[in-house]
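Structure first, commentary second.
Residue indices begin at 1 and follow the sequence shown.
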Amino acid sequence: MMSGTITNDAAYKARLEARAGILTGPTANLAPGHVQANLAILPEELAHDFLRFCQRNPKPCPLVAVSETGDPFLPELGRDIDIRTDVPRYRVWRNGELVAEPTDIRDLWNDKLVAFLIGCSFSFEEAMLADGLPVRHIEQGCNVPMYRTTIPTVPTGPFSGPLVVSMRPLKAADAIRAVQVTSRFPSVHGAPVHLGDPSLIGIGDIANPDYGDAVEIREGEIPVFWACGVTPQSVIANVRPEFCITHAPGHMLVTDLLNSSIAVL
């Protein structure tokens, strides 16, 4: 887990806009330079097994922070963060079924819940852009495409299921460079898990992602796949807990942590 924050007006402004219901869409490219995080909120009785699941599956589930039971505040991630209000859009699940996508969960929070914040690929996308590598969903102004695969995660307690990946199309030379660039960020998914033929990892139709939006794959490009923080949502859905909350895909918590602080090289 990471610690240490830097107060930044752009990151704080994004959270305040989410809190006010002004920001309700995807957060890609918001507050450049800052770590964004996926969210999973679980009842206390499932929290220990989920923590161990994340520790055993660090590529899709790199932990950024874990709240105290019943405490919605995460000062280690930034100024005045309230996990009940500061994500642009949430998903509420009951018995494994999606029942609502609110922009505020204050009326659903209780003193038996634990919030898990998980690293997001938006951090390494900034490094890709700085290196001159294209990021197609940012170019097209849409959400990143995400797919369920046949790659298994390491099961822990009741938690098991396939890896979810995010995809960015690149020319072969750019894909090699992207491996080098993103390897510097293991705490936000790191290097790709697969390049090329999507059928080899169980993706039948690249034009129809399971989450997010389809993007253009141009002539001479190959799909490049990274482990994705939506994996926990898929795994939690298999457990079908009586109640849990996640972020809506692409709608992250914008923190005050700097991407530069999590690079390993």
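- Counting only distance, with no hydrogens or angles, the side chain of R168 and the backbone of R136 share no donor-acceptor pair below 3.5 Å.
- For R177 against D131, the heavy-atom pair with the smallest separation is NE-OD2, 2.7 Å.
- In this structure, the side chains of L113 and T69 stay at 4.5 Å or more apart for every pair of heavy atoms.
- F50 has its side chain within reach of P232: a pair of non-hydrogen atoms, C-beta onward, lies under 4.5 Å apart.
- Contact annotation: the side chain of Y147 approaches that of F225 to within less than 4.5 Å [non-hydrogen atoms, C-beta and beyond].
- For the pair C142 and D213, the tightest heavy-atom approach, listed with the atom from each and the gap, is CB-OD2, 3.4 Å.
- V215 and M128 fall into different hydrophobic clusters, where Ile, Leu, Val, Met, Phe, Trp and Tyr residues are linked whenever their side-chain heavy atoms come under 4.5 Å apart, directly or through other members.
- For the atom pair OG1 (T231) and CG (L163), the distance works out to 4.5 Å, reported to the nearest 0.5 Å.
- In terms of heavy-atom proximity, P158 sits nearest to V239 at O-CG2, 3.2 Å.
- No continuous path of hydrophobic side-chain contacts links V135 to V144 [ILVMFWY only; heavy atoms under 4.5 Å].
- The closest donor-acceptor contact from the side chain of W226 to the backbone of M167 lies at 3.5 Å or more, if one exists at all.
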Under the side-chain contact (heavy atoms from CB on, under 4.5 Å) rule, what do Y90 and H247 come out as? Steps first, then yes or no, please. CA-CA 4 Å; Y90 302 83; H247 69 289; 5.8 Å; no

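- L23 contributes atom CG, which lies 8.0 Å from atom NE2 of H251 (distance to the nearest 0.5 angstrom).
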Exercise for the section: Evaluate the side chain to side chain donor-acceptor pair (under 3.5 Å) criterion for residues H137 and E125: first the C-alpha distance (whole Å), next the side-chain angles of each, then the deciding distance (0.1 Å), finally the verdict. Expected result: CA-CA 11 Å; H137 63 274; E125 286 179 350; 2.9 Å; yes

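- The environment of CD in E242 is sparse: at most 12 heavy-atom neighbours from other residues, nucleotides or ligands sit within 6.0 Å.
- Considering only heavy atoms from C-beta on, L253 comes within 4.5 Å of L77 through its side chain.
- For the residue pair D104/T85, the side-chain donor-acceptor check at 3.5 Å is not satisfied.
- Counted by atom type alone, T153 and R56 present zero donor-acceptor pairs between their side chains at under 3.5 Å.
- The hydrophobic cluster containing L30 does not contain L129, counting ILVMFWY residues as joined when their side-chain heavy atoms lie under 4.5 angstrom apart, directly or transitively.
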For side-chain contact (heavy atoms from CB on, under 4.5 Å), just list the numbers for N95 and F243, CA-CA rounded to whole Å, side-chain angles, deciding distance to a tenth of an Å, and then say yes or no.
CA-CA 6 Å; N95 300 308; F243 172 75; over 6 Å; no

- Using the salt bridge (charged side-chain N to carboxylate O under 4.0 Å, His left out) rule, take E221 and K171 through it: C-alpha gap first, then chi angles, then the decisive distance, then the call. CA-CA 4 Å; E221 293 181 333; K171 294 180 179 178; over 6 Å; no

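- Q36 pairs in a side-chain hydrogen bond (donor to acceptor under 3.5 Å, both in side chains) with only one of the listed residues (T27, T255, N259), which is T27.
- Here the straight-line distance linking atom OG1 of T149 with atom CG of L200 works out to 12.0 Å at 0.5 Å rounding.
- H189 places no side-chain N or O within 3.5 Å of a backbone atom of P192 that could act as its donor or acceptor partner.
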List the steps and the verdict of salt bridge (charged side-chain N to carboxylate O under 4.0 Å, His left out) for R240 and E97.
-> CA-CA 8 Å; R240 301 179 70 84; E97 300 295 328; 3.3 Å; yes

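- Judged by distance alone, the side chain of N38 and the main-chain N or O of G119 form a donor-acceptor pair under 3.5 Å.
- A distance of 12.0 Å separates CG of D205 from OG of S199, quoted to the nearest 0.5 Å.
- Here the side chain of D256 pairs a donor or acceptor atom with the backbone of R79 at under 3.5 angstrom.
- Distance alone, capped at 3.5 Å, places no donor-acceptor pair between the D71 side chain and the S67 backbone.
- For P88 against G25, the heavy-atom pair with the smallest separation is CB-O, 3.6 Å.
- Under the 4.5 Å side-chain heavy-atom criterion for grouping Ile, Leu, Val, Met, Phe, Trp and Tyr, V181 is connected to F124 within one hydrophobic cluster.
- One finds the CD atom of Q233 at 12.5 Å from the CG atom of N238 (value rounded to the nearest 0.5 Å).
- Here the side chains of L98 and V92 are not in contact, with every heavy-atom distance at 4.5 Å or above.
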Should L257 and V64 be marked as a side-chain contact (heavy atoms from CB on, under 4.5 Å) after you check the CA-CA gap, both sets of side-chain angles, and the distance that decides it?
CA-CA 10 Å; L257 294 173; V64 175; 4.0 Å; yes

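- Side-chain contact between P134 and E139: present, with at least one pair of heavy atoms (C-beta onward) separated by less than 4.5 Å.
- Linking Ile, Leu, Val, Met, Phe, Trp and Tyr whenever their side-chain heavy atoms come within less than 4.5 Å puts I206 and I201 in one cluster.
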query = Can you list the steps and then say if R184 with T182 is a side chain to side chain donor-acceptor pair (under 3.5 Å)?
reply = CA-CA 5 Å; R184 298 176 57 226; T182 60; over 6 Å; no

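- At a threshold of 4.0 Å, the pair D210-R148 does not count as salt-bridged, since none of the basic side-chain nitrogens sits closer than that to a carboxylate oxygen.
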Apply salt bridge (charged side-chain N to carboxylate O under 4.0 Å, His left out) to residues R15 and E17 and explain how you reach the verdict.
CA-CA 5 Å; R15 295 195 298 272; E17 289 186 351; over 6 Å; no

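- At least one side-chain heavy atom of P102 sits less than 4.5 Å from a side-chain heavy atom of I105.
- Between I236 and W93, the closest side-chain pair of non-hydrogen atoms is not below 4.5 Å.
- In terms of modelled atom types and a separation under 3.5 Å, the side chain of K59 and the main chain of A191 share a donor-acceptor contact.
- Put simply, the side chain of D86 gets close to the backbone of D82: a donor and an acceptor are under 3.5 Å apart.
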Handout entry: Audit row: L46, V114, side-chain contact (heavy atoms from CB on, under 4.5 Å) steps and yes/no
Key = CA-CA 9 Å; L46 290 173; V114 180; over 6 Å; no

